[in-house]
Amino acid sequence: MTSLARGTFLKKAGALTIGFVLAGPALAARAADGTTPAGLYGPPDDRIDSWITIDPAGMVTLYSGCCEVGTGSTTGLLQIMAEELDVPIGRTRFEGPDTQRTVDQYVSSGSRTIELHSVPIRQAAAEARQALLHLAEQKLAVPAVGLMTRNGIVRVMADPVRQVSYGELIGGRQFNLTVTGKVKPKAISEYRVVGTSVARGDVPGKIFGKYTYVQDVKLPGMLHGRVVRPPAHGAHVVAIDETSVAHVPGFVKVVRQGDLVGVVCKREEQAIRAARELKVQWSPWSGLPAMDALYAAIRKVPEVKDAYPNYARGGVTANAGDVQNGLSKSAVRVAATYEAPYHHHGSIGPSCAVADVRNGGATVWSGTQTPYGLRDAAAKFLGLPLDKVRLIYVEASGCYGQNGADDVVIDALVLSRAAGKPVRVQWSRADENGWEALKAARVTDMSGGVDGTGNIAAWQGQTFGFSGYSRPEYHEPRHGGEPASLITAALAGWDKPGFDEGFGGAAANFDCAYGAVKNKHMQFTYLGAASHRDGPLRIRVGSMRGVGGPDNVFAVESFMDELAVAAKADPIDFRLRHQPSPRGVAVIKAVAAKAGWESRAAFSARSGGNVAKGRGIAYVGSEKSTNAAGVFEVAVDRQTGKVVLTRAVVAHDCGLIINPDGVKSQIEGGVLQAMSRALFEQVTFDRSRVTSLDWGSYPILTFPDLPDEIDVVLLNRPDLPPTGVGEPANTIVWAGIANAIYDAVGVRLRSLPFTPKVVLAALQQKR
Amino acid sequence: MTSFNLNGKPFHVEGVEPETPLLYVLRNDAALHGPRFGCGLGQCGACTVHRNGKAIRSCIVPVSAIAEGDHIVTLEGLGDTAHPHPLQEAFIAEQAAQCGYCINGMIMQSADLLARNHHPTTTQIKEELAHNLCRCGTHMRIVRAVARAAGSSS
């Protein structure tokens, strides 16, 4: 459903002209192509018609500002709408973000699509159903209390033959109603569609090659562009020899704006050749830290204390009791430092955008996660009023956070403006790896102790981290959306200040999740936003799945295990007696049962032979968020140092489950992606640039590396609102594997990745 | 002019440089979007198509290497909603796609395997797909889908 709708729409989009009609307060009729005269930030969010349309055949379209980024969350949104409206899921379709058609739903990230963005959709659908009942009252001459809705039809309860369909009641017309907030959504006990494993609407199109990704957008007269990036993060253009590409067939032009250099050709392969053959002289630059001195370099970055208002808390993420007193009473003290390197997002398809900058306006097709924020940034960059720039979201290859999807839009704008025609810019694999925002490297110090009874007497930590965000997203009320967030804008000479969004999600879960720990202090030392062009270290960072969660949980859940070892306790018993929240207790007990966990201290069941087996536990959660606990079983080859994850078991509580199979899919994906990052991945760089520019230099998980099984236990909580799914399971894997390796061979690994070389060195050191 | 059989029909394209990778001819001249650009280096498998039934990486095969009698089949030619390939049915049944960008390669590579080996073991499926990369972590479902298709075609 989704795929076909998108495909149809994109064919029309090619012929669209630019320029809007500015809106009055009410939503006027949607045009046949779904556009709607609206305000600068889309149609008003308090009108039913902004969200839902029903055609005469009863097909229901949900217009949402949420981006389908490959997680299936938009199928979940359709389930929620279908549930409230009482329409069959097969009679619904999804239309995603378009600044001329959909409500601004901010950024589709942080596992928040269902948790936050479904709320107004559910309410609009509930009120639409109420409105349909009122219309049916008149049509059937029966009061609403005597009517029922089911499958897109209103029936008279006492005489079910008397009925009228939604299509007959409203088809093709507008509700013309404000969302009051007064209609009560359905009781969860009445749910029929929510809570079932509805098949994803986007999957068939993807399986048959009929899905339209942003890489597939084609406009009449469209040219192909490629970029030529500096060979060093701080290098500048000295000279460009345009004659070096004049011989390339189909050559149109060389474009330069500051250090943003690109070529435009008629055909894609011609642009690739021209980008390869263009002779550009760059200034030398070699200001990156040495790779083996990275964590020392991070520690030397000055703390940023006044970057943004929330930092008034001083970066303290947990503070209670008296840590020094606790340490002094500890029978055993433990101190440990945990390190995690830069990671690539590793999108299989490098970033791509299409822009058409003409006649004082611009239209952009983009795989961004923040459509309106990027539209704002694009308009500011071009010096155009917001209403002259339209951004249409088209799904890209999975991004898992801030890859190059936003940045490539500036490339496309610059090249299209120079060429005077629509231009598609496709980044190469090396462009993506070299210039995307990386997951930040992180170093964390933990210390604490256990008392004579084996309980934690003190818990403290300090982590040194960069901003979790560098997208042009904005924070309510629409503060941000700046070109300065984009590396391409910086290359093009944009020098106006950006908006430092602070550490935000980079501090997620940097805490102590155990209520019995009374003396604790945790501090996030904020090092600012970093870019290839400026800021500390000159290695650009941005969000990646879980933002700081995986790094933080790696530190705190590895440390929890180290304390359990100090207390000679079973790691699960140890966690439970330190009182995680009741939801945490439930997932930890559930995962232990499913995994067949037997109580014993770590590294107390030593296996002989070359291959040692071990198991590790890790947990993340709180009373008001998703809770996930995982048991990870590994096999460690003592001769080669190779670690294999043989089995993963995850118990997961995300409140009310919308789509069980969708949740399972996200958990499986989170486990495998995080396992890949734990065992194989590390961005490499020399003193000038990132050097892990292809899959040979940045190996990731392959099929032969798969575990035998991933068991998922879902704990449905209909009494609790739905919370995030895409990230929590992903955050527990690094610590879980590290804890399992310790259990197998008695070696504590605190620096990722756990490659055979690293494991072997640690084993040899232990001997 | 370059000519070959594409998804069962004659296909001709003119004015294309001989070193042009087949991928761009398929995507931009034949408007087939099943094969996808991932790395341009033959490392990830997103661009996989069949030449005479064998999986090839269309991003590194120049169009001049395709002979006039060659049969090229893309994901679109493997099956459609009316006549799906057993693998396509199985991938939908297992919901074996997240972003879906790699799935073309997974299906095309597996179709080559199933043509040679009607009943592959799980290990053989994993070995066959060892050079097809997925980043969403859909691997377990992909393996299940291939095994399911093998069962249904037996």
Side-chain angles (χ1 to χ4, degrees), chain A residues 69-72 197 199-200 202-213 215-216 218 224 249 267-270 272-273 345-350 395-400 426 428-429 661-662 665-666 668-676 694-696 700-704 706-707 709-710, chain B residues 15-17 19-21 24-25 27-28 31-41 43-44 46 74-76 78-81 84 87-89 91-93 95-105 107 123 125-143:
Chain A
V69 293
T71 61
S197 293
R200 279 173 53 169
D202 56 334
V203 165
K206 291 173 174 177
I207 299 300
F208 289 111
K210 298 296 183 191
Y211 200 72
T212 299
Y213 293 87
Q215 284 89 347
D216 302 323
K218 192 180 283 185
H224 290 270
R267 291 180 57 92
E268 187 166 11
E269 70 276 9
Q270 295 164 344
I272 293 168
R273 180 176 168 193
H345 293 84
S347 301
I348 299 298
E395 185 175 345
S397 181
C399 60
Y400 327 106
Q426 167 71 66
S428 70
R429 171 55 48 197
D661 189 61
S665 167
Q666 285 305 296
E668 291 164 9
V671 166
L672 290 179
Q673 192 182 83
M675 176 266 253
S676 178
D694 67 0
W695 295 115
I700 63 170
L701 159 75
T702 64
F703 277 86
L706 287 184
E709 55 184 328
I710 300 176
Chain B
V16 176
E17 298 293 309
E19 68 271 21
T20 301
Y24 300 114
V25 171
R27 287 183 53 79
N28 298 333
L32 293 168
H33 293 161
R36 318 208 61 80
F37 169 73
C39 63
L41 304 164
Q43 294 177 333
C44 75
T74 69
L75 184 62
E76 292 93 333
L78 195 68
D80 56 25
T81 47
L87 278 163
Q88 290 170 318
E89 289 182 301
F91 270 65
I92 292 170
Q95 291 285 288
Q98 290 189 40
C99 86
Y101 201 89
C102 72
I103 292 299
N104 165 69
I107 293 177
T123 303
I125 294 169
K126 290 179 184 176
E127 291 298 330
E128 180 71 20
L129 296 175
H131 300 285
N132 285 75
L133 299 179
C134 162
R135 186 56 162 171
C136 294
T138 316
H139 305 68
M140 307 295 279
R141 288 166 184 252
I142 291 169
V143 173

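What you are looking at is a predicted structure, and each value in this text was computed from that prediction instead of being measured.
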Among the listed options B/Gly34, B/Cys44, B/Ala96, B/Ala97, the residue most often paired with chain A at heavy-atom distances under 4.5 Å: B/Ala97
Atom group of A/Ser197 that falls short of 4.5 Å from chain B, counting heavy atoms: neither
B/Pro21 to A/Glu269 - nearest heavy-atom pair and separation: CD-CB, 4.3 Å
Heavy-atom contact with chain A under 4.5 Å, split by part of B/Asn104: neither
Under 4.5 Å from any heavy atom of chain A - which part of B/Pro35: neither
Which atoms of B/Glu128 approach chain A - backbone, side chain, both or neither, heavy atom under 4.5 Å: neither
Minimal non-hydrogen separation, B/Gln98 against A/Gly669, with atom names: NE2-CA, 4.0 Å
Atom of B/Gly38, atom of A/Arg429 and distance for their closest heavy-atom approach: O-NH2, 3.1 Å
Test item: A/Asp216 and B/Arg27 side chains (from C-beta on) under 4.5 Å apart, heavy atoms: yes
Donor + acceptor pair across side chains of A/Asp694, B/Gln43 (<3.5 Å): yes
Side chain / backbone / both / neither for B/Ile142 at chain A, heavy atoms under 4.5 Å: side chain
Chain B contact via A/Gln426 - side chain, backbone, both or neither, heavy atoms under 4.5 Å: side chain
Contact leader toward chain B among A/Ser665, A/Ser428, A/Gly398, where contacts are heavy-atom pairs under 4.5 Å: A/Ser665
Least distance between heavy atoms, A/Ile348 atom then B/Cys102 atom: CG2-CB, 4.4 Å
Point-to-point distance, once rounded to the nearest 0.5 Å, from CH2 of A/Trp695 to CG of B/Leu41: 11.0 Å
4.5 Å side-chain heavy-atom contact, A/Phe208 and B/Gln88: yes
A/Arg273 side chain to B/Thr20 backbone, donor-acceptor under 3.5 Å: no
Note, A/Thr212 side chain near B/His33 side chain (heavy atom, < 4.5 Å): no
N/O donor-acceptor pair under 3.5 Å between B/Arg135 side chain and A/Gln673 backbone: no
Min side-chain heavy-atom separation A/Pro249-B/Glu17 under 4.5 Å: yes
Among A/Asp661, A/Val671, A/Ile710, A/Thr702, residue most engaged with chain B (heavy-atom pairs, under 4.5 Å): A/Asp661
Proximal component of B/Leu129, with respect to chain A [non-hydrogen, under 4.5 Å]: both
B/Ile103 versus chain A, the contacting section by heavy-atom distance below 4.5 Å: side chain
Of A/Gln215, A/Glu395, A/Lys206, the residue whose pairing with B/Tyr101 passes side-chain contact (heavy atoms from CB on, under 4.5 Å): A/Gln215
Side chain to side chain, B/Thr81 and A/Lys210, heavy atoms closer than 4.5 Å: no
Inter-residue atom distance A/Leu701.CG - B/Cys134.SG, 0.5 Å rounding: 8.0 Å
Interchain contact, A/His224 with chain B, by part (heavy-atom threshold 4.5 Å): side chain
Any donor-acceptor N/O pair, A/Tyr213 side chain to B/Cys99 backbone, under 3.5 Å: yes
Under 4.5 Å from any heavy atom of chain A - which part of B/Ala46: side chain
